[in-house]
2 protein chains.
Amino acid sequence: MTDALRKYTQEKIQKKDFDCAKEYTLSMFSGKYKIVIIYHLFHDGTMRFNQIQRLLDDATHKMLAQQLKELTADGLVTRREEIANNRKATYYSLTATGESLMPIIEDMFTWGTKRLEALELAGNFKLH
Amino acid sequence: MTDALRKYTQEKIQKKDFDCAKEYTLSMFSGKYKIVIIYHLFHDGTMRFNQIQRLLDDATHKMLAQQLKELTADGLVTRREEIANNRKATYYSLTATGESLMPIIEDMFTWGTKRLEALELAGNFKLH
DNA sequence: CGGTATCCATTCCGATACTG
DNA sequence: CAGTATCGGAATGGATACCG
């Protein structure tokens, strides 16, 4: 429903129906790899397409390109192309808007960590 | 990818690989209607299946049942059945764990509201 | 190197109908 | 009323190939 949610909120907004603020936010980072991309761009700074792909070893070329395109369209990420010696290099960076999502993502990290610890302690994963 | 993400994090966790805390949190509420269900259960309190469905006028019976089942399995929601005069009534409430997600959801609401205002002011939606 | 298009398997989800 | 099963169309996403 990732893309579906993005389309859904965009359509709502175009119809001037703004009653979807949390869904809109969710649609910003619920795409495949999006959270991780944002997270890495924040902590590691500007990166090239291939650098990002190497970081996300399971990410498909196609999917990564698509997600970066959406992140750019949504204003969370900027693209900068450089061409030298017939070699193209594309650099991606977080925008201020993208950075402003980090507190939420950090909170999600904290919540998840605590929750997983609690479940582990409760023995729900049969780890011990 | 909603369900895919849920499966993905569950598999990772079962393999004792806990390096997916933010994805795990995301998978808690990124299912169809999940955020809205949590939001309403928090603000309106315990509700029956049909009450929830009436609130989410576009929600399918099947989808709602499935999402509530997942929310229950994830420990965010509790189910209580009551049968009187051959009539079944199922009540859903938020658990403490479910409530602990609210700050994040409220932050998502705030972020989305501000962002949509900023875009509107910038004229990106051609509203004026 | 980075981006896009095509093809195809898999998954999602709505409609419908059937149980207790 | 609440939950589940089935079916079929739609959307997702991987593999691959092909442009700049």
Side-chain angles (χ1 to χ4, degrees), chain A residues 1-11 23 26-27 29-37 40-41 46-73 77-93, chain B residues 1-11 23 26-27 29-37 40-41 46-73 77-93:
Chain A
M1 67 159 271
T2 296
D3 251 29
L5 181 62
R6 209 165 154 271
K7 284 176 201 157
Y8 168 76
T9 54
Q10 281 177 1
E11 282 168 14
E23 287 80 5
L26 182 57
S27 77
F29 53 70
S30 68
K32 196 155 199 183
Y33 314 125
K34 278 186 185 175
I35 286 200
V36 200
I37 296 171
H40 276 297
L41 285 182
T46 299
M47 275 192 289
R48 298 181 51 174
F49 187 93
N50 270 10
Q51 288 182 280
I52 303 177
Q53 192 173 24
R54 245 170 278 129
L55 234 59
L56 284 57
D57 51 315
D58 57 339
T60 305
H61 185 81
K62 174 191 166 190
M63 267 294 108
L64 182 56
Q66 187 187 111
Q67 301 300 305
L68 285 170
K69 196 176 178 182
E70 287 182 6
L71 287 168
T72 306
V77 160
T78 37
R79 253 175 57 98
R80 184 171 49 84
E81 273 186 36
E82 267 181 30
I83 301 182
N85 323 342
N86 246 351
R87 267 284 176 259
K88 182 163 71 173
T90 316
Y91 293 91
Y92 289 94
S93 329
Chain B
M1 67 160 270
T2 296
D3 252 27
L5 180 62
R6 209 165 154 271
K7 283 176 202 158
Y8 168 75
T9 54
Q10 282 177 1
E11 282 168 15
E23 287 79 6
L26 182 56
S27 77
F29 53 68
S30 68
K32 198 156 195 182
Y33 313 126
K34 278 184 185 174
I35 285 200
V36 199
I37 295 171
H40 276 298
L41 285 181
T46 299
M47 275 193 287
R48 301 182 49 175
F49 186 95
N50 270 9
Q51 289 182 282
I52 303 177
Q53 191 172 25
R54 246 170 276 129
L55 234 60
L56 285 57
D57 51 315
D58 57 340
T60 305
H61 185 80
K62 175 193 167 189
M63 268 294 108
L64 183 56
Q66 187 186 112
Q67 301 300 304
L68 285 169
K69 197 176 179 179
E70 288 182 6
L71 287 168
T72 305
V77 159
T78 37
R79 253 174 57 98
R80 183 171 50 83
E81 273 187 36
E82 268 181 29
I83 301 182
N85 325 339
N86 245 353
R87 267 283 174 260
K88 181 162 71 174
T90 315
Y91 294 90
Y92 290 95
S93 329

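Chain letters run A, B, ... following the sequence lines, proteins first and then strands; every chain starts at 1. Treat the numbers as computed from the prediction; the structure is a model and nothing was measured.
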Short side-chain N/O contact from B:R48 to OP1 or OP2 of D:dC1, under 4.0 Å: no
Mind checking the CG-CD1 spacing from B:L41 to B:I52? Nearest 0.5 Å is all I need. 5.0 Å
Nearest-nucleotide pick for A:A4, side chain only, options being D:dC1, C:dC12, D:dT12: D:dT12
Find the distance A:R80:CZ to C:dG3:C1' and express it as a whole number of Å. 18 Å
Worked verdict on B:T60 versus B:K32 for side-chain contact (heavy atoms from CB on, under 4.5 Å): CA-CA 10 Å; B:T60 305; B:K32 198 156 195 182; over 6 Å; no
Taking for each residue the nucleotide of DNA chain C with the nearest heavy atom, is it B:Q67 or A:R79 whose nucleotide lies nearer the 5' end? A:R79
Return the 5'-most residue of the pair B:Q51, A:Y33 with respect to DNA chain D, ranking by each residue's nearest nucleotide. B:Q51
Show me the protein contacts with nucleotides 16-19 of chain D, counting only N or O atoms at under 3.5 Å.
none

Quick check for you: to the nearest 0.5 Å, what is the distance between A:L5 atom CG and A:Q10 atom CD? 9.5 Å
Could you state the OH-P distance from B:Y8 to C:dT11, rounded to the nearest angstrom? 17 Å
For A:L5 and D:dT12, what is the distance between atoms CG and P respectively, to the nearest whole Å? 11 Å
Grab the stems for DNA chain D, please: at least three consecutive Watson-Crick or wobble pairs, both distances below 3.5 Å, written as range with range. C:2-20 with D:1-19
Taking the side chain as everything from C-beta on, heavy atoms only, tell me whether A:L26 gets closer than 4.5 Å to A:T9. no
Any side-chain heavy atom of B:V36 within less than 4.5 Å of one from A:E23? yes
Measure the spacing between CD of B:Q53 and CZ of B:R48 and express it to the nearest 0.5 Å. 12.5 Å
To the nearest angstrom, how far is B:E81 atom CD from D:dA2 atom C1'? 8 Å
So if I take every side-chain heavy atom of A:K69 and compare against C:dT4, D:dT12, C:dG2, which nucleotide ends up nearest? C:dT4
Give the rounded distance in Å between these two atoms: CZ of A:F49 and P of C:dG2. 7 Å
What is the distance from atom NZ of A:K62 to atom CD of A:Q67, rounded to the nearest 0.5 Å? 10.5 Å
Could you check whether any side-chain heavy atom of A:R79 comes within less than 4.5 Å of a side-chain heavy atom of A:L68, counting everything from C-beta outward? no
Would you call B:Q51 and B:L55 a side-chain contact if the rule is heavy atoms closer than 4.5 Å? no
Tell me, please, which residues at least two apart from B:S93 pass side-chain hydrogen bond (donor to acceptor under 3.5 Å, both in side chains). B:T46
Is the phosphate of D:dA11 approached by A:K32 (side-chain N or O, under 4.0 Å from OP1 or OP2)? no
Over how many whole Å does the gap from B:L64 atom CG to D:dA2 atom P extend? 10 Å
Picking from D:dA2, C:dC1, C:dG14, which would you name as closest to the side chain of A:R87? C:dC1
Distance, rounded to the nearest Å, where B:Q53 contributes CD and C:dA15 contributes P: 11 Å
Which nucleotide wins on minimum distance to the side chain of A:M63, given the candidates D:dG13, C:dG3, C:dC12? D:dG13
To the nearest angstrom, how far is B:Q66 atom CD from D:dT4 atom C1'? 11 Å
Determine: side-chain N/O of B:Y92 to OP1/OP2 of D:dC1, distance under 4.0 Å, yes or no. no
